[in-house]
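Counting begins at 1 with the first residue of the sequence.
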Amino acid sequence: MTDAFAGSDLEAYFQDVAAGGFDAQMYLRINLYAHKRFPHDLTFVRNLLTAYTRQETRIPGGVGEAAARALVLRR
């Protein structure tokens, strides 16, 4: 789905339509893919930080916290 969008288009789509319509796992997966495609787009960085701290997507063993730290340190 994200291949069809430019970074700003995908960003707008998330804000207008998709943010409330995906379950937590789908939200995480789409943002991971979008971040790989557009690594300098801060919207996807913020979305991932949100996803990593959500209870529904929290990964046991501190992996979510480590992923969030790694994401921030890359900036």
Side-chain angles (χ1 to χ4, degrees):
M1 174 182 88
T2 56
D3 285 339
F5 294 98
S8 59
D9 293 336
L10 186 58
E11 204 177 294
Y13 178 76
F14 268 110
Q15 290 173 352
D16 294 340
V17 178
F22 291 129
D23 69 11
Q25 289 297 322
M26 181 63 78
Y27 183 79
L28 175 62
R29 286 187 201 122
I30 290 172
N31 276 288
L32 281 168
Y33 179 83
H35 177 64
K36 282 183 188 176
R37 186 155 182 238
F38 308 106
H40 300 293
D41 191 320
L42 292 180
T43 296
F44 305 125
V45 172
R46 284 189 293 271
N47 289 350
L48 283 173
L49 290 172
T50 298
Y52 288 144
T53 59
R54 290 169 98 177
Q55 186 64 37
E56 305 87 42
T57 55
R58 188 153 303 150
I59 304 166
V63 175
E65 290 87 1
R69 267 194 304 278
L71 187 63
V72 170
L73 293 176
R74 281 188 277 204
R75 296 286 139 227

I need the N47 CG to L42 CG distance, nearest 0.5 Å. 10.5 Å
Kindly compute the distance separating CD1 (I30) from CZ (F44), expressed to the nearest 0.5 Å. 10.5 Å
Return the OG1 to NE2 distance between T43 and H35, rounded to the nearest 0.5 Å. 12.0 Å
Show your reasoning for whether side-chain contact (heavy atoms from CB on, under 4.5 Å) applies to L49 and T53. CA-CA 6 Å; L49 290 172; T53 59; 5.9 Å; no
From L28 atom CG to M26 atom CE, the distance as rounded to the nearest 0.5 Å: 10.5 Å
Reported OH-to-CG distance for the pair Y27 and L48, which is rounded to 0.5 angstrom: 8.0 Å
